2 protein chains.
Amino acid sequence: MSAGGTSGERRAPATLHDVAREAGVSLATASRSLNGSTRKVNEEYRQRVLAAAAKLDYSPNLSAQAVARGTSTTVALLVADIADPYFAQIAAGVVREADHEGLIVTMAATERDSERELELVRSLRGQRPRVMILAASRRAGDAASALLAEELRAFEANGGRVAFIGAVEAPYRSVPLDNAAGAESLARALVEAGYRGFAALTGAEGLRTAEDRLGGFIAGLAASGIALDPARIVRPAFTRDGGYDGMRTLIEQGLDDLEVVFAANDVMAVGAMSAVRDAGLVPGRDIAIAGFDDIPTARDVTPPLSTVRLPLEEIGRRALRLALGTLDEGDELPVRAEVVLRGSTPTRAS
Amino acid sequence: MSAGGTSGERRAPATLHDVAREAGVSLATASRSLNGSTRKVNEEYRQRVLAAAAKLDYSPNLSAQAVARGTSTTVALLVADIADPYFAQIAAGVVREADHEGLIVTMAATERDSERELELVRSLRGQRPRVMILAASRRAGDAASALLAEELRAFEANGGRVAFIGAVEAPYRSVPLDNAAGAESLARALVEAGYRGFAALTGAEGLRTAEDRLGGFIAGLAASGIALDPARIVRPAFTRDGGYDGMRTLIEQGLDDLEVVFAANDVMAVGAMSAVRDAGLVPGRDIAIAGFDDIPTARDVTPPLSTVRLPLEEIGRRALRLALGTLDEGDELPVRAEVVLRGSTPTRAS
DNA sequence: GCGCGACGGGAAAGCGTTGTCCTCCATGGC
DNA sequence: GCCATGGAGGACAACGCTTTCCCGTCGCGC
C-alpha cells in the first residue's frame, strides 16, 4: 500500500505576492509578467519575475484568477456513462479541443438518470464554466426536464453557453446528429441488400436518440413498402446488456421470418450478437445484425458489424467549437451519418 | 445549426450579496444559511435566505469559495487516452467515487506523450486540486520524468495528494496493479493448457505497464522451463492498431511453431485477432491469443478473449479513496489480477 | 527650454466567498 | 436587581489574483 506522502514541510503554495517580493517588484508587475497582459513590462523586471516564479515553483491559482477576471477557463461535460465507448469518444474529442483552446474539462456522468442530470447541471453551474456540453441522452418531457430547462436558461442568461449533442434542443446550440436520416438510409440499404424480415432493438421509450433512430428506420422501411411489426420492436436498456436481453427476447418469441435485427446503437448490437451466438446461431449467417454509431469495436467483432458511422470524436470537438463560437467555415456542414455495410449483414441472395 | 443563445438580458449571475440584500440579512448570515456552517442561524432568517436564493437562481461561485476557503473540491485525473476502454473504465470509477464524495473531476489526456503529461500536471496544479490521479502510463527515466517528479513533489508539499495507478511510484500513494504476477499466472495457465510456442506483443520499451507484463509473462514461462524467443517479442504501439501491426509482423516472420500470442493489453489483443483473421486464419484455432485487462469487449469478440481480469472501475474508485485517505478496512486488500481463460485459447490436446 | 504624450511601475480597489471578531440582547444565577 | 454567560447577527478583513488609476519619467516637437 505504499505509505505515501512525502515528509513535506506542507507550506502553502507560493502566491503571486511571494513571487513579487522575491523579484522585488510590485504585485501588479508580477501579474503582468506572468500572464498575457496588454501592458508591456520592462524586460529586466519580467525576467526577474520569471526567475522568481520558477524558483518558488509558482503556479497561478486558477480559482483566484477566475474570481478576479470574472470568467473561468472551464468546460463542463455531461455524459450518460463514461465507460460507454460512444460517450468516451465524444469526451475524447471535447477534451482534445478544449486542450487546444487552453480550457479545462470537468466531467460528470448522469448514469442515465434525469434527476441526476438536473442535479449535476445545478452543481456544475457553480463552476461558472464557459460552456456546458450535454451529451447525455435526454428523455423528452419528464418532470426533471422542465427544471433542467430552467437551469440552463439561467446559465445562459448569465453568459454561459450550452451545447447539446444529439437532437436539436429548443433554443440552445446543438450538434444535431442525423439519427433519423442515418437509420433511414440504413433501412434502405438493408432492403436493397435483400432483407425483408426486420426487427428492432431500441432504448426505453422517450429516449430521444433511440426514438429518432427507430423512427428513421421505420420510415426507411416504409419507403420500401415494408412495415415493421410492432411485436418485433423490443425496448430493453440502451446498453450492451440491454442488447443481449432484447435479442434473447426476440429469439424466444420465435425467429420465423426474421432476417435482420437493427439495434439502435452499436453496444446493443454487440450484445445482440453475443446473444445470437449463445443461442447456438451464427450472427450474419442465421441472423443479420446492424447497429448505429460505428464505435471502434464494430470492426473487431465477428462478423464485423454493419452500422451507421458517426464521427464521434469530431462531434465532441465540434460541440465545443460550436459553444465557443469558434466554428470555422467548413465546420458549418452538418455531421454526416454514413451507412457502413459489413459482414454482419451479408448481401442476401433473393 | 440552431442559432442558439436565448435573447437573454445577460445579467451577471446573482451573488451572495444579492441574495443577502433580497433577504434583508447580512452577507454573513446569507453565507451561513446556504452552506453547512457550524453556526446556527435563526430559522426564519434561514428561510428568507433560501427563498431569496431560489428566487434569484443563486448558485454559489465555486471558485470564490475555493479562494476563500483555501481548498478546492476538485480532483484532477490524468489518463493517456479517454477513448481507450482501459482508461475509460478507470475514469468512470474515479468519477463515480468523486461524485459520491461531492467532488468534481477534471480530466486531461496525455496522448501518451510524457512531455504533455508534464505540461498537464503543471497546468492542472493551478486548480489546486485536492488530489491528482495519474493513470497515464509513464515511461521510466526519460527526460520529462525528473521534472514530473519535481512537479509532483511541489504539489504534495503544498498539501495536495497524488495517487498513481499502475506501478508503485517512489514516495507516492499508488494502487499497484499486479501486472507481473497476473501475466505470470497467465503464462502458467497457458502452459498448463498445453501451449508451448509463444510470442508476445508489448508496448514500446520503457513503458512501465508493458514491461511489467512482459516480464511477468517471461517469468511464468521460465518457471515452466520455457524460454520466450526474443525474436518473438514485438513492440508496436500500445494500441489496437499496434496490436494489429504487431501481429502482421509476426505472421510475416513465419508462424512455424507459434501457437499462442500474448498481447500486453486487450485492445492490442483485439487488433491482433483482426490481423489473424485478415490473414485468412482463425483466431483460437490457428493461433491462440490472450490479452490483459478484461475490457468489456473481451467477452464480445469471437472467440471470446482469454485475458487477465483487472477490476478497472474499482481501481479508479480505489485510487480516489486512497488519495483522499478514505480507504476502508477491506479496501486494503491488493487489487487481484485474475486469469480468465476463454475461447481464444482453447485447451490444446498435447 | 518647455509642455505634452506615451510609457510603464505601483498602490489600491475590486471579484465573490468565508471566517473572525465585535456587539447586542436575552437569559439565568445569586 | 445586577452581572456574568452565551447565542446569534453583522462588519470587515482576509483569500489570491486582475485591473484601474495615479504618478513619475522620458522623449520629442516647437
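Chain A is the first sequence line, chain B the second, and so forth, proteins listed ahead of strands; every chain is numbered from 1. Since we're looking at a predicted model, the values are computed, not measured.
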K.L.:
Taking salt bridge (Lys or Arg N to Asp or Glu O under 4.0 Å) as the test, write out the residues that go with Arg116(B), two or more places apart.
P.N.:
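Partners of Arg116(B) under the salt bridge (Lys or Arg N to Asp or Glu O under 4.0 Å) test: Asp99(A).
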K.L.:
For Arg112(B) and Phe87(B), work out which heavy atoms get closest and say how close.
P.N.:
NH2-CE1, 4.0 Å
K.L.:
Mind checking what makes side-chain contact (heavy atoms from CB on, under 4.5 Å) contact with Ala154(A), not counting sequence neighbours?
P.N.:
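Counting only residues at least two positions away or on another chain, Ala154(A) forms a side-chain contact (heavy atoms from CB on, under 4.5 Å) with Arg125(A), Asp57(B).
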K.L.:
Under the ring pair (Phe, Tyr, Trp, His ring centres under 6.0 Å) rule, collect the residues that match up with Phe164(B), sequence neighbours excluded.
P.N.:
Tyr172(B)
K.L.:
What residues, two or more places apart in sequence or in another chain, satisfy salt bridge (Lys or Arg N to Asp or Glu O under 4.0 Å) together with Glu115(B)?
P.N.:
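Testing Glu115(B) for salt bridge (Lys or Arg N to Asp or Glu O under 4.0 Å), a comparison that skips the adjacent residues, returns none.
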K.L.:
Going by side-chain hydrogen bond (donor to acceptor under 3.5 Å, both in side chains), name the residues that satisfy it together with Arg122(A), two or more places apart in sequence or in a different chain.
P.N.:
Glu151(A)
K.L.:
The helix from dG1(C)-dC30(D) to dC30(C)-dG1(D): angle between its terminal axes, five pairs each, to 10°?
P.N.:
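Answer for the end axes of this duplex: 50°.
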K.L.:
Go through the structure and list residues passing salt bridge (Lys or Arg N to Asp or Glu O under 4.0 Å) with Glu43(A), not counting sequence neighbours.
P.N.:
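Glu43(A) satisfies salt bridge (Lys or Arg N to Asp or Glu O under 4.0 Å) with no other residue.
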K.L.:
Name the first nucleotide and the last nucleotide along DNA chain D (5' to 3') that come under 4.0 Å of a heavy atom in chain B.
P.N.:
dA8(D) to dC15(D)
K.L.:
Considering residues at least two apart in sequence or located in another chain, which fulfil the salt bridge (Lys or Arg N to Asp or Glu O under 4.0 Å) criterion with Arg69(A)?
P.N.:
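For Arg69(A) there are no salt bridge (Lys or Arg N to Asp or Glu O under 4.0 Å) partners, ignoring immediate neighbours.
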K.L.:
Suppose we screen for side-chain hydrogen bond (donor to acceptor under 3.5 Å, both in side chains). Which residues come up paired with Asn61(B), at least two apart in sequence or across chains?
P.N.:
none
K.L.:
Residues two or more places apart in sequence or in another chain: which of them pass side-chain hydrogen bond (donor to acceptor under 3.5 Å, both in side chains) with Arg48(A)?
P.N.:
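Checked Arg48(A) against side-chain hydrogen bond (donor to acceptor under 3.5 Å, both in side chains); matches are Glu44(A).
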K.L.:
Which letters describe nucleotides 15-20 of chain C, given B = protein heavy atom under 4.0 Å from base, S = only from sugar-phosphate, - = neither?
P.N.:
BBBSBB
